[in-house]
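Protein chains get the first letters and strands the later ones, always in sequence-line order, with residue 1 at the start of each.
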Amino acid sequence: MAGDSDSVASSGLVSDDEMFASSSTTINDLFERPTTSECDDAVCLPRRKMKLKDEKLCGVCGDKALGYNFNAITCESCKAFFRRNALKDKTMVCLFENKCVVDIRTRRFCPACRIKKCFHIGMNRDMILDDSERKKRMSKVIENRAKREPTSTSSSEIHIKTEIDTDDSMSCEGNTELIRPPTPYGKSHGDKPEILFKHIPKHLLPANKSMYYTLSLEESSLLKDLTHAYQETLAAMPEMGPYSEEKKYNRAADLVNHSEICVRKMILFVKYLADFKLLSQDDQIAALKASVMKTVLLRSALFYIIEKDAWITPKGEIPSSILKKSTGFVSVHNNHVYYCRRVKSMAQDDLHIYSLLQALILFDPAGLNLTSREYVSTIQDKYLILLKHYMESKFSYDYSREYYVSALDRLSDLRVLSEEHAKILLQVNPVDVEPLMLEVLNLK
DNA sequence: CTAGCCTTGACC
DNA sequence: GGTCAAGGCTAG
């Protein structure tokens with residue numbers, strides 16, 4: 001017979017009481033856990049009032065328990081097991097005689113007997129949140145997170161301000177206490193954990209198709225072309241010899257020259273864009289120059305690997321620490337890495353998002369020396385709407401806002417960060433810089 | 001899939 | 001502020 005969780009749960013028909021006698025009697029005695037029939041009763045519900053002894057053992061397997069889970073005292077693993085399985089429609093089948101012993105050692109052997117025992121000790125599947133309740137919960141989390149962290153720029157500014165105010169940023173030697181390597185996403189190493197954008201788990205996204213925006217043919221085509229352009233240029237890595245030399249980035253000028261590849265790719269990128277071709281030549285150059293630094297920074301986020309705290313390049317991995325080494329600015333390193341992590345946590349590896357952000361950077365009416373500012377603004381609007389619609393098509397109307405706002409926040413971050421990087425340029429000797437970089441960065 | 005650890009909101 | 005009990009994340 002199958003251990004039909006549904007029927008067992010709803011009817012409380014666990015007939016063979018001896019089935020779990022070996023362990024349940026002891027557990028029952030130790031923790032005065034409610035019997036199945038007691039648990040059907042409403043008396044069982046105000047469980048917060050029930051003070052338990054410090055020592056708690058799982059009613060299912062006897063492992064150490066922290067407290068109640070789904071109306072019964074269980075360990076973490078049985079809690080997770082119940083959550084994963086109690087709502088499954090598929091009936092679990094015991095391969096033996098439906099009387100497997102479930103203890104710490106054997107709990108994994110027979111899911112059917114394990115789930116049966118879960119119900120037997122009073123675990124209640126009604127306490128597992130359903131889709132709408134989970135969604136509600138997640139919305140609350142996101143809402144609170146947004147309240148705690150209203151805008152990203154403010155926190156970046158605090159970082160920068162702190163560094164400037166303390167005036168310690170010029171030296172990395174002897175200043176190790178200021179250098180805090182970023183922690184991998186989701187992990188903390190004693191320091192206050194970073195608050196990064198959290199993606200909505202796929203299973204929480206609405207199943208209803210009407211909750212998603214459908215991109216028009218025109219929009220799909222625009223996005224496809226834009227992403228293709230980005231993929232072929234800025235997102236592409238050239239085939240190069242596999243040599244890895246950290247030493248190559250000893251000076252800030254080395255970093256600037258390293259960015260030349262990015263600038264060349266950027267020039268290729270804009271050549272793909274019909275909107276860009278419509279600008280006057282002067283505006284093309286102005287838009288390019290104004291967005292070089294931001295383009296380099298956004299691209300660096302694309303190639304940043306959070307877990308390794310490094311950028312992947314054709315020459316191998318470059319640890320983020322080279323920023324400190326080559327520039328001497330601890331704050332530059334901290335803020336740049338923080339930026340990369342935030343972009344990455346929001347966009348992950350979605351090239352549509354990167355290419356849309358790239359378009360928004362390029363067609364920025366705030367750029368210096370533009371003659372057709374209004375026209376550039378109109379183009380930017382088009383990509384802003386496309387970004388919004390894309391988020392709605394991917395994450396549903398329910399959740400798109402968080403993604404859209406986060407994406408725009410990353411653009412604000414860029415403004416601050418690129419200004420900060422401009423400081424590096426002041427300490428670069430123009431003699432060491434390649435001619436193309438001298439030109440696009442207006443270095444003399 | 002499991003299981004341990006983490007994050008979080010609700011409640012006290 | 002502390003505790004409890006949900007769900008989330010992820011190494012194994």
Side-chain angles (χ1 to χ4, degrees), chain A residues 3 5 31 33-34 39 44-95 100 102-115 117-118 121-149 183-205 305-308 341 344-346 348 395 398-399 402:
Chain A
S5 54
F31 305 112
R33 69 164 173 80
C39 280
C44 202
L45 289 175
R47 57 186 178 283
R48 286 174 192 284
K49 303 238 167 91
M50 294 170 66
K51 276 282 161 196
L52 293 152
K53 296 263 162 57
D54 289 340
E55 294 282 309
K56 281 171 254 171
L57 295 182
C58 173
V60 180
C61 70
D63 198 356
K64 223 169 120 186
L66 289 174
Y68 279 91
N69 291 300
F70 308 107
N71 204 42
I73 295 171
T74 72
C75 62
E76 282 286 301
S77 64
C78 289
K79 170 182 113 176
F81 173 80
F82 188 76
R83 192 175 58 219
R84 282 195 305 271
N85 296 286
L87 294 175
K88 274 186 186 164
D89 292 331
K90 216 176 90 189
T91 302
M92 287 178 184
V93 180
C94 174
L95 297 173
C100 304
V102 183
D103 59 27
I104 299 180
R105 196 174 48 86
T106 60
R107 65 191 177 194
R108 270 182 294 182
F109 298 168
C110 180
C113 287
R114 190 181 186 184
I115 196 74
K117 194 167 173 186
C118 287
I121 66 156
M123 291 183 85
N124 181 0
R125 65 186 198 144
D126 293 342
M127 295 175 76
I128 302 172
L129 306 188
D130 64 20
D131 275 2
S132 66
E133 288 166 323
R134 280 208 313 273
K135 220 171 90 178
K136 216 168 129 186
R137 190 179 194 262
M138 186 52 82
S139 301
K140 188 92 192 165
V141 170
I142 291 166
E143 195 181 299
N144 288 341
R145 203 170 280 155
K147 274 184 205 162
R148 278 199 302 272
E149 194 195 19
T183 56
Y185 176 47
K187 302 237 188 320
S188 67
H189 291 270
D191 282 333
K192 197 180 161 195
E194 288 176 30
I195 301 166
L196 291 176
F197 190 89
K198 265 196 175 177
H199 267 241
I200 308 295
K202 278 202 175 99
H203 67 275
L204 284 185
L205 292 174
I305 307 292
I306 293 182
E307 292 74 18
K308 296 186 170 174
R341 294 163 70 77
K344 203 83 190 187
S345 68
M346 180 273 299
Q348 298 194 337
F395 302 109
D398 274 348
Y399 296 115
E402 283 84 6

| task | Look at the side chain of A/Arg137 and the base of C/dA6, then say whether one donor and one acceptor between them are separated by less than 3.5 Å. | result |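 Yes, the side chain and the base share a sub-3.5 Å donor-acceptor pair.
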| task | Would you kindly check whether a donor in the side chain of A/Arg134 faces an acceptor in the base of C/dG7, or vice versa, at under 3.5 angstrom? | result |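 Answer is no: no donor-acceptor pair is held.
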Would you kindly give the [atom1]-to-[atom2] distance between [X] and [N], to the nearest whole Å?
X	N	atom1	atom2	result
A/Ile73	C/dA6	CD1	C1'	17 Å
A/Arg125	C/dA6	CZ	C1'	18 Å
A/Leu129	B/dT7	CG	C1'	15 Å
A/Asn69	C/dC4	CG	C1'	10 Å
A/Phe81	C/dA6	CZ	P	17 Å
A/Leu66	C/dA5	CG	P	10 Å
A/Glu133	B/dA10	CD	C1'	14 Å
A/Asn85	C/dG7	CG	P	13 Å

| said: Can you list everything that forms a ring pair (Phe, Tyr, Trp, His ring centres under 6.0 Å) with A/Phe81? Sequence neighbours excluded, please. | reply: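 In terms of ring pair (Phe, Tyr, Trp, His ring centres under 6.0 Å), with neighbours along the sequence ignored, A/Phe81 is linked to no residue.
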| query | What nucleotide among B/dA3, B/dT8, B/dC6 has an atom nearest to a side-chain atom of A/Lys79? | reply |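 So the side chain of A/Lys79 is nearest to B/dC6.
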| Nearest of B/dC6, B/dT2, C/dA5 to any side-chain atom of A/Glu76? |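 Of the options given, the side chain of A/Glu76 lies nearest B/dC6.
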| task | Looking only at non-hydrogen atoms, find the nearest pair between A/Ile121 and A/Ala72 and report the distance. | result |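 Nearest heavy atoms, A/Ile121 then A/Ala72: CD1-CB, 3.6 Å.
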| Do the side-chain N or O atoms of A/Arg83 get closer than 4.0 angstrom to the phosphate oxygens (OP1, OP2) of C/dC9? |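 For A/Arg83, the contact criterion (side-chain N or O under 4.0 Å from OP1 or OP2 of C/dC9) is not met.
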| Distance test, side-chain N/O of A/Arg84 to OP1/OP2 of C/dG7, below 4.0 Å |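 The answer is no; no side-chain N or O of A/Arg84 sits under 4.0 Å from OP1 or OP2.
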| message | To the nearest 0.5 Å, what is the distance between CD1 on A/Ile128 and CG on A/Leu87? | response |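 Separation between the atoms: 4.0 Å.
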| said: Taking the basic N atoms (NZ, or NE/NH1/NH2) and the acidic carboxylate oxygens, is any pair closer than 4.0 Å for A/Glu133 and A/Lys136? | reply: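 Salt bridge: no.
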| request: Could you tell me which residues satisfy salt bridge (Lys or Arg N to Asp or Glu O under 4.0 Å) with A/Arg107, sequence neighbours excluded, listed by chain and number? | output: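 Checked A/Arg107 against salt bridge (Lys or Arg N to Asp or Glu O under 4.0 Å); matches are A/Asp63.
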